[in-house]
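Hydrogens, waters and symmetry mates play no part in the numbers below; they use all other heavy atoms, side chains included.
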Amino acid sequence: HVRSRRQRQMCIRDSTLSARYIRLTALSEINGNPWASAAEVNILGANGLPLSRTGWVATASSQELAWGDGAAANAIDGNVNTMWHTVWSAGSPPHPHRLVLDMRSNQAITALTYLRRNDPSPNGTIRDYEIHISNDGVNWGTPISSGRLTPIAGQVTTINFNNNTS
């Protein structure tokens with residue numbers, strides 16, 4: 001995965017969990033709008049490197065398909081110029097919005113990285129979030145991380161699972 005010079009990533013890896021499913025829940029948007037979006041979401045393994053997303057499936061509680069391709073799968077397609085975006089053309093469902101990643105098998109995980117949409121618009125940029133994990137996609141338990149993001153265009157935001165905020 002090649003990153004542009006504008007993209008950077010910092011990560012502290014000292015907590016490892018195991019799960020098959022990861023759910024990123026957007027509780028609010030940076031400007032108070034009812035949307036959520038993500039250009040790329042990666043999960044870091046025990047070695048601190050992004051896990052291979054081959055075969056993974058992304059689903060979402062809402063995705064914009066009428067006015068552009070805002071499909072959940074775009075958040076894990078390796079292309080920073082595509083994005084998952086919640087519905088905005090036919091009304092805007094309120095928060096929370098959920099993006100669920102099915103990694104197809106249990107994986108050792110230490111962090112989630114979030115890259116906001118890769119254009120000048122901040123629409124959908126996640127502000128407040130929760131992250132849950134599951135082994136069956138049904139039972140999620142309590143959040144493994146929650147907090148407030150301050151993402152910057154072109155920069156990857158890392159949420160370490162040993163911290164309560166990023």
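- When hydrophobic residues (I, L, V, M, F, W, Y) are linked wherever their side-chain heavy atoms come within less than 4.5 Å, the members clustered with Trp88 are Trp35, Trp67.
- The two residues His95 and Asn33 make their nearest non-hydrogen contact at CE1-O, 3.1 Å.
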Run the numbers on Ser145 and Glu130 for side chain to side chain donor-acceptor pair (under 3.5 Å), then give the verdict. CA-CA 6 Å; Ser145 184; Glu130 289 180 346; over 6 Å; no
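- Between Leu149 and Ile159, the closest side-chain pair of non-hydrogen atoms falls below 4.5 Å.
- Nearest heavy atoms, Ala36 versus Trp84: CB-CH2, 3.7 Å.
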Ile43 and Trp56: side-chain contact (heavy atoms from CB on, under 4.5 Å), yes or no, with the steps? CA-CA 11 Å; Ile43 305 302; Trp56 289 16; 3.8 Å; yes
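- Counting heavy atoms from C-beta outward, Pro122 and Asn31 have side chains that approach closer than 4.5 Å.
- Sorted by first then second residue, the salt bridge (Lys or Arg N to Asp or Glu O under 4.0 Å) pairs that include residues 72-97, not counting sequence neighbours, number zero.
- Both Ile22 and Leu17 sit in one connected hydrophobic cluster of ILVMFWY residues. Membership requires side-chain heavy atoms under 4.5 Å apart, directly or through other members.
- The main-chain N or O of Leu65 is never found under 3.5 Å from a side-chain atom of Gln63 such that the two would form a donor-acceptor pair.
- For the pair Thr86 (side chain) and Ser37 (backbone), a donor-acceptor distance under 3.5 Å is absent.
- When every heavy atom of Leu115 is checked against every heavy atom of Gln155, the shortest pair comes out as CD1-O, 3.5 Å.
- One N or O on the side chain of Asp69 and one on the backbone of Ala71 form a donor-acceptor pair closer than 3.5 Å.
- Listed by chain and number, the residues in a side-chain hydrogen bond (donor to acceptor under 3.5 Å, both in side chains) with Ser28 are Asp128 (sequence neighbours excluded).
- Cluster annotation: Ile76 is not connected to Met83 through the hydrophobic network of ILVMFWY side chains, with a link wherever side-chain heavy atoms come within less than 4.5 Å.
- Listed by chain and number, the residues in a side chain to side chain contact (heavy atoms under 4.5 Å, CB included) with Arg23 are Thr25, Arg98, Val100, His132, Trp140 (sequence neighbours excluded).
- By the side-chain hydrogen bond (donor to acceptor under 3.5 Å, both in side chains) test, Gln107 is found to be paired with Ser105, residues two or more places apart in sequence or in another chain being considered.
- In this structure, CZ on Arg148 lies 13.5 Å from CD1 on Ile126, to the nearest 0.5 angstrom.
- Scanning for side-chain hydrogen bond (donor to acceptor under 3.5 Å, both in side chains) contacts around Thr142 gives an empty result, with sequence neighbours left out.
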side-chain contact (heavy atoms from CB on, under 4.5 Å) evaluation trace for Asn74 with Asn79: CA-CA 8 Å; Asn74 291 341; Asn79 182 349; over 6 Å; no
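- Using modelled atom types, one finds no donor on one side chain facing an acceptor on the other under 3.5 Å when comparing Glu29 with Thr125.
- You'll find the side chain of Leu99 reaches within 4.5 Å of the side chain of Val41, heavy atoms only.
- Smallest separation of non-hydrogen atoms from Pro34 and Ser92: CG-CB, 3.4 Å.
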Going through the checks in order, is the side-chain contact (heavy atoms from CB on, under 4.5 Å) test met by Leu44 and Leu51? CA-CA 6 Å; Leu44 305 186; Leu51 297 172; over 6 Å; no
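- With sequence neighbours left out, the side chain to side chain contact (heavy atoms under 4.5 Å, CB included) criterion links Ala19 to Ile109, Ile133, Asn135.
- A continuous path of hydrophobic side-chain contacts links Phe161 to Tyr114 [ILVMFWY only; heavy atoms under 4.5 Å].
- For the pair Glu40 and Val80, the tightest heavy-atom approach, listed with the atom from each and the gap, is CG-CG1, 4.1 Å.
- Annotation: side chain to side chain contact (heavy atoms under 4.5 Å, CB included) contacts of Asp102 (sequence neighbours excluded): Arg20, Tyr21, Val57, Arg104.
- Heavy-atom minimum distance, Val87 versus Gly91: CG1-O, 3.3 Å.
- In this structure, the side chain to side chain contact (heavy atoms under 4.5 Å, CB included) partners of Asp136, at least two apart in sequence or on a different chain, are Ser134, Val138, Asn139.
- Judged as a side-chain hydrogen bond (donor to acceptor under 3.5 Å, both in side chains), and not counting sequence neighbours, Arg116 has no contacts.
- To the nearest 0.5 angstrom, Leu101 atom CG is 8.0 Å from Leu24 atom CG.
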